[in-house]
Amino acid sequence: MSNDISLRDATVDDVPAIVAIYNHYVRKSLATLAEDTVTPAQMQQRVEMVSAAKLPFLVAVDRIQNDIAGFAYASPYFDRSGYDPTLECSIYLHPAHCSKGIGRQLLSSLISALIKTTTKTQVVAKMSILPEQSPEALPTCRLHASIGFRQVGRLDSVGFKLGKWVDVVMFQLDLGALRK
């Protein structure tokens, strides 16, 4: 990872940059199955919700360009109380900052924070993938696997975006085992 990148907790001032990164993926990618862009107010609400839940919402800052290179956060996996031990993680990088090791630093730091600051036992990550693709073909799947996530399932043709049917691959990380 470059010394030109630092990580810190997201602030309200970061919301416009976070929105720009996320909306790029909404408009042009299968990385999220969302089709409606988010407003700054909606993203600010998400940042505040994550913070209120005492969960990490991290940004990677390019110190040379003084801009946000990416972000990662954990949120409740599902709103039913039986899922309380489980979180979902999300990570997005500015397209100009992909394949530079920033994703690894963000995701590793997010997992470390979860181990230290929560009692949660599981983290789930969902990745959209074309039906003919192998998870090994997607950088995000390789990243999650390299951090210790394991693939636990694949949902076939559960999404449709940009004129294409989309599968969803599920990855899971056992935080409880990492604490031992």
Side-chain angles (χ1 to χ4, degrees), residues 1-2 4-53 55-79 87-111 113 123-131 133 135 137-144 147 149 155 157-171:
M1 208 258 347
S2 168
D4 298 336
I5 299 293
S6 63
L7 300 184
R8 61 171 170 74
D9 292 327
T11 68
V12 173
D13 292 338
D14 300 322
V15 167
I18 292 169
V19 167
I21 292 168
Y22 183 73
N23 283 343
H24 163 81
Y25 290 99
V26 170
R27 287 188 302 272
K28 300 185 183 263
S29 169
L30 299 177
T32 175
L33 290 180
E35 295 182 295
D36 297 323
T37 58
V38 297
T39 66
Q42 290 169 319
M43 187 57 74
Q44 181 173 335
Q45 184 178 23
R46 189 177 306 178
V47 171
E48 290 171 349
M49 181 271 305
V50 168
S51 178
L55 296 171
F57 196 124
L58 304 175
V59 292
V61 180
D62 181 327
R63 292 189 289 220
I64 302 295
Q65 298 178 357
N66 198 29
D67 66 358
I68 302 298
F71 64 95
Y73 65 94
S75 56
Y77 173 62
F78 209 81
D79 63 358
L87 297 169
E88 181 173 352
C89 69
S90 299
I91 181 170
Y92 294 91
L93 297 177
H94 186 286
H97 290 284
C98 292
S99 300
K100 296 180 179 179
I102 298 167
R104 176 176 306 284
Q105 186 182 15
L106 268 170
L107 188 56
S108 295
S109 295
L110 182 74
I111 298 306
V123 180
V124 173
K126 300 180 291 194
M127 288 78 149
S128 307
I129 188 169
L130 293 172
Q133 279 185 306
L138 286 182
T140 187
C141 291
R142 291 193 308 268
L143 170 63
H144 282 77
I147 300 289
F149 282 78
L155 306 172
S157 299
V158 294
F160 190 81
K161 184 176 176 187
L162 301 175
K164 299 174 184 175
W165 286 102
V166 180
D167 295 355
V168 173
V169 180
M170 304 288 292
F171 279 72

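Since this is a predicted model, take the numbers as computed values, not measurements. Residue numbers start at 1 and run along the sequence shown.
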Check against side-chain contact (heavy atoms from CB on, under 4.5 Å), V26 and D36: CA-CA 7 Å; V26 170; D36 297 323; 5.7 Å; no
Derivation and outcome, side-chain contact (heavy atoms from CB on, under 4.5 Å), residues I129 and V166: CA-CA 6 Å; I129 188 169; V166 180; 5.8 Å; no
Verdict with supporting geometry, V47 and Q44, side-chain contact (heavy atoms from CB on, under 4.5 Å): CA-CA 5 Å; V47 171; Q44 181 173 335; 5.7 Å; no
Working for side-chain contact (heavy atoms from CB on, under 4.5 Å), residues L58 and D9: CA-CA 5 Å; L58 304 175; D9 292 327; 3.5 Å; yes
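Here the side chains of V61 and I5 are not in contact, with every heavy-atom distance at 4.5 Å or above. For the pair H94 and I68, the minimum side-chain heavy-atom distance is 4.5 Å or more. Annotation: side chain of V19 is not in contact with side chain of T39 (no heavy-atom distance under 4.5 Å). When side chains are defined from C-beta on, S128 does not count as touching L138, because their heavy atoms never get closer than 4.5 Å. Using a 4.5 Å cut-off on side-chain heavy atoms (C-beta onward), D62 and I102 make no contact. Using a 4.5 Å heavy-atom cutoff, the side chains of V38 and R46 are in contact. Between C89 and L107 the shortest side-chain heavy-atom distance falls below 4.5 Å. In this structure the side chain of Y73 never reaches within 4.5 angstrom of the side chain of P56, judged on heavy atoms.
Nearest heavy atom pair, residue F171 against residue P135, reads CZ-CB, 4.5 Å. Residues D167 and P131 share a closest heavy-atom pair of OD2-CA, 3.3 Å. Across all non-hydrogen atoms, the minimal contact from R104 to L143 is CA-CD1, 3.5 Å. Nearest heavy-atom pair across D14 and A10 is OD2-CA, 3.4 Å. Across every non-hydrogen atom of L33 and G159, the tightest pair is CD1-CA, 4.1 Å. The heavy-atom pair separating V50 from S75 by the smallest distance is CG2-CB, 4.5 Å.
Side-chain atoms of Y92 do not come within 3.5 Å of backbone N or O of N23 as any donor-acceptor pair.
One distance of note links CG of L106 with CD1 of I111; it measures 11.0 Å at 0.5 Å rounding. In this structure, CE on M49 lies 8.0 Å from CG on L55, to the nearest 0.5 angstrom. Note: T37 OG1 to Q42 CD = 8.0 Å, rounded to the nearest 0.5 Å.
Among residues two or more places apart in sequence or in another chain, the side-chain hydrogen bond (donor to acceptor under 3.5 Å, both in side chains) test is passed with R142 by none. Every residue two or more places apart in sequence or in another chain was checked for a salt bridge (Lys or Arg N to Asp or Glu O under 4.0 Å) with E48, and none qualifies. Residues satisfying the side-chain hydrogen bond (donor to acceptor under 3.5 Å, both in side chains) criterion with T32, sequence neighbours excluded, are Y22.
By the 30° and 60° cut-offs, the orientation of the rings of F71 relative to F57 is parallel. Relative ring orientation between F149 and H144 is described as perpendicular, the plane-to-plane angle rising above 60° on a 0-90° scale split at 30° and 60°.
Within 6.0 Å of NZ in K161 there are more than 12 heavy atoms belonging to other residues, nucleotides or ligands.
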